[in-house]
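Given the structure is predicted, the values throughout are model-derived calculations rather than measurements.
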Amino acid sequence: MQAQTRTALSGPALVRLLARIANLDVHEPAASLSDRLSQWLGWTDAIALSTALADAPPAPLVPMHSGAHALEEACMRMRASLVNAVAGGVKPTPGRHRARVPTPPPDDLSLDFAAFRQRYVSLQQTMETDIGLLRGRLRAALAAQSPDLARLAAVDAVMEQALSARERSLLAHVPVLLGKYFERMKRAAADQAAPVSNAWLDAFRDDMRHVSLAELEVRFQPVEGLLAALRTR
């Protein structure tokens, strides 16, 4: 019997990883990004977006010199801190409103997914809070540079407000998929004839780490876009 071939995806690494761990054959979306956005944005969002695009922003107030470099370094530090938290249970640099990231649970076949889920959800909350604060700082810096960049900052603020709830809802499915994957791997390890080892748990942790890093890449994309605009000021 010929093995089933899966459709190669060109989307984000997060989508490809989730398709693999969920054992799904995911196809490229038929609708374009603009069509999807038109479905996700309500009429109030559309009005706010139109206003942000049409209004003439105020004149620049604070020209940036070394401030842009400092912001870029802040972005790099935050990204490194989040990567470290994902990689080995290292808590991010302390700060206000920062979620505590639990240490990884011990190796034990009797474990359920609850400890892993708590850790993953805590990482998601940390990413959302920290990246949101950084995104706001970048918008403030852009708004002080030129009318065009101020308009871009206003559009980004509208898009964050309009899409944050949907993003949160979609990404909430990630730990659900990881939980199902965990249970499949645990059952397979328990059913094998050979003595049980923790190799399956190491493999799961590695996959969960890769998924979390891929989610970080997706969440960081707006920051990268704002940084690119700041560099071209």
**Prompt:** Looking at side-chain heavy atoms only, is the closest gap between E167 and L170 below 4.5 Å?
**Reply:**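 No - every pair of side-chain heavy atoms lies 4.5 Å or more apart.
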**Asked** Can you check whether L201 reaches F116 side chain to side chain, under 4.5 Å on heavy atoms?
**Response**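 Answer yes - side chains close enough.
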Working to the nearest 0.5 Å, report the span between [atom1] of [X] and [atom2] of [Y].
{"X": "R168", "Y": "L163", "atom1": "CZ", "atom2": "CG", "result": "11.5 Å"}
{"X": "L216", "Y": "M127", "atom1": "CG", "atom2": "CE", "result": "5.0 Å"}
{"X": "R139", "Y": "L134", "atom1": "CZ", "atom2": "CG", "result": "10.5 Å"}
{"X": "L133", "Y": "M78", "atom1": "CG", "atom2": "CE", "result": "6.5 Å"}
{"X": "L226", "Y": "L149", "atom1": "CG", "atom2": "CG", "result": "10.0 Å"}
{"X": "L178", "Y": "H173", "atom1": "CG", "atom2": "NE2", "result": "13.0 Å"}

Is there a donor-acceptor pair under 3.5 Å between the side chain of [X] and the backbone N or O of [Y]?
{"X": "Q124", "Y": "L171", "answer": "yes"}
{"X": "T129", "Y": "Q125", "answer": "yes"}
{"X": "T126", "Y": "S122", "answer": "yes"}

**Item:** Test side-chain contact (heavy atoms from CB on, under 4.5 Å) applied to L213 and E217, step by step
**Value:** CA-CA 6 Å; L213 289 172; E217 291 300 315; 5.8 Å; no
**Request:** Find out if a path of hydrophobic residues (ILVMFWY) with successive side-chain heavy-atom gaps under 4.5 Å connects V121 to L14.
**Result:**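 No, separate clusters.
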**Message:** Does L142 form a side-chain contact (heavy atoms from CB on, under 4.5 Å) with D156? I'd like the steps, not just the answer.
**Reply:** CA-CA 11 Å; L142 286 170; D156 182 74; over 6 Å; no
In plain terms, say whether [X] and [Y] are close enough for a salt bridge, that is, a side-chain N and a carboxylate O under 4.0 Å apart.
{"X": "R77", "Y": "E72", "result": "no"}
{"X": "D207", "Y": "R20", "result": "yes"}
{"X": "E224", "Y": "R79", "result": "yes"}

**Prompt:** Taking the inter-plane angle between the rings of F204 and Y181 on a 0 to 90° scale, is it parallel (under 30°), tilted (30 to 60°) or perpendicular (over 60°)?
**Reply:**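 Rings of F204 and Y181: tilted, 30 to 60°.
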Which atom pair, heavy atoms only, marks the closest approach of [X] to [Y]?
{"X": "A143", "Y": "A153", "answer": "N-CB, 4.3 Å"}
{"X": "I131", "Y": "F220", "answer": "CD1-CD1, 3.7 Å"}
{"X": "M185", "Y": "W200", "answer": "CE-O, 3.3 Å"}

**Message:** Could you tell me if Y120 and E215 have a donor-acceptor pair between their side chains, going purely by distance under 3.5 Å?
**Reply:**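 The criterion, which ignores hydrogens and geometry beyond distance, is satisfied for Y120 and E215.
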